[in-house]
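Input: a single structure, listed below in structure tokens.
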Amino acid sequence: LPGADGAGGHGFRLRGGKLLSEFGRQNSQHHHFWDFGSAGLVNEAFLGSHGINEVGAQLQWVAPTETYLMVGAELLQGTNEAMFGNAQIGGEDAVIAEAKRAPSLYVGYVKSSFDIGSTTILPGISYIYGSSRLDHREDEENPHAFAGDSSIYAADLTVKHYFDSYSFLTWQSEWMMRNMEGTQYKVDPADINVATSQAEITKKQAGYYTQLVYAYDQNWRVGARYDSIYQNDVTAQDLPEDMKRYSAMLEYHPSEFSRIRLEYN
């Protein structure tokens with residue numbers, strides 16, 4: 001069943017079905033839990049607006065320590081449209097890139113949590129690896145396709161300090177570095193099943209976001225975020241060395257069931 005899970009002894013937990021991967025920090029959160037209306041710039045660029053939301057299996061182990069320590073691994077189908085994929089590109093009689101056997105996406109992470117007085121600190125590291133089959137043959141300006149393998153290293157840190165039961169200050173940051181290696185195919189716009197040329201390419205990109213959110217009480221919150229993709233080494237593409245974004249938001253909660261947010265990017 002989607003979302004079915006079972007907990008065994010000795011700190012182990014097994015889940016199966018459709019699930020949000022716990023890769024990184026933001027990916028495991030549903031949209032309505034985000035502090036901003038949009039995902040972090042690096043999250044959206046690398047994983048797409050929906051992130052890693054896949055069918056698969058997840059195994060986690062919580063260590064028997066005084067400080068919370070969790071180790072997790074996931075085996076997922078591998079159908080993320082932004083970076084991963086395993087479907088065949090091209091028709092049966094004109095295969096551009098062959099399919100890869102699913103499941104084809106592997107995730108691992110270590111997460112911790114501990115308190116210092118009224119402050120909670122949550123660090124984590126993650127890694128993801130899988131096959132890439134990116135089909136952009138219907139792109140009007142530059143029809144192409146990509147087949148290869150991709151990986152991402154990530155680290156995240158959240159620090160939350162409580163002033164009282166309703167007032168708190170949260171600092172959340174997440175960093176990612178990705179590496180994509182494979183073949184890029186230029187496609188004939190007149191027949192998208194025909195690749196006119198191909199080239200071996202690499203994409204090495206890295207970026208992060210860091211945000212600060214202050215909750216004055218249970219009704220009002222204000223926040224600011226800075227995003228940067230500061231490394232863009234992409235074969236055969238001239239990308240800027242640093243892509244930045246600045247965000248600010250003001251939020252009012254009339255009740256626990258509603259929210260009004262003003263945001264600027």
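Note that the numbering runs from 1 along the sequence shown for the chain. Just so we're clear, the structure is a prediction, and the values are computed from it rather than from any experiment. Basis for what follows: all heavy atoms, side chains included, without hydrogens, waters or symmetry-related copies.
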Checklist line | Trace of the side chain to side chain donor-acceptor pair (under 3.5 Å) decision for Ser21 with Glu74 | finding: CA-CA 8 Å; Ser21 171; Glu74 299 170 357; 2.6 Å; yes
Practice problem: Identify, with sequence neighbours excluded, every residue that meets ring-ring contact (aromatic ring centres under 6.0 Å, His included) alongside Phe163. | Solution: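 Phe163 satisfies ring-ring contact (aromatic ring centres under 6.0 Å, His included) with His161 only.
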Tyr226 ring center near Tyr246 ring center (under 6.0 Å):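 Here the rings of Tyr246 and Tyr226 have centres that are less than 6.0 Å from each other.
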Lys/Arg N to Asp/Glu carboxylate O, [X] vs [Y], below 4.0 Å:
X      : Y      : result
Arg261 : Glu251 : yes
Asp233 : Lys204 : no
Asp35  : Arg225 : no

- Looking only at atom types and distance, does a side-chain atom of Ser112 sit under 3.5 Å from a main-chain N or O of Tyr68, one as donor and one as acceptor?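 Yes; judged by distance alone, with no hydrogens or angles, the pair exists.
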A quick test of your reading: do over 12 heavy atoms of other residues, nucleotides or ligands sit less than 6.0 Å from CD of Glu81?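 It does not: Glu81 CD has 12 such atoms or fewer within range.
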What do you reckon, is CZ of Phe168 surrounded by more than 12 foreign heavy atoms closer than 6.0 Å?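 More than 12 within 6.0 Å, yes.
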Between the side chains of [X] and [Y], does any donor sit under 3.5 Å from an acceptor?
X      : Y      : answer
Trp171 : Thr158 : no
Asp149 : Ser131 : no
Glu256 : Gln218 : no

- request: Please round to the nearest 0.5 Å and tell me the distance separating atom CD1 of Ile89 and atom CZ of Phe146.
  value: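 These two atoms lie 9.5 Å from each other.
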- Task: State the CD-CG distance between Gln88 and Asp135, to the nearest 0.5 angstrom.
- Result: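 Between Gln88 CD and Asp135 CG, I get 10.5 Å after rounding to 0.5 Å.
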**Thr183/Glu200 under side chain to side chain donor-acceptor pair (under 3.5 Å): CA gap, chis, key distance, verdict** = CA-CA 5 Å; Thr183 304; Glu200 297 299 314; 2.7 Å; yes
- Item | Single hit among Phe33, Trp34, Phe36 for side chain to side chain contact (heavy atoms under 4.5 Å, CB included) with Gln26 |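 One option only clears the test, and that one is Trp34.
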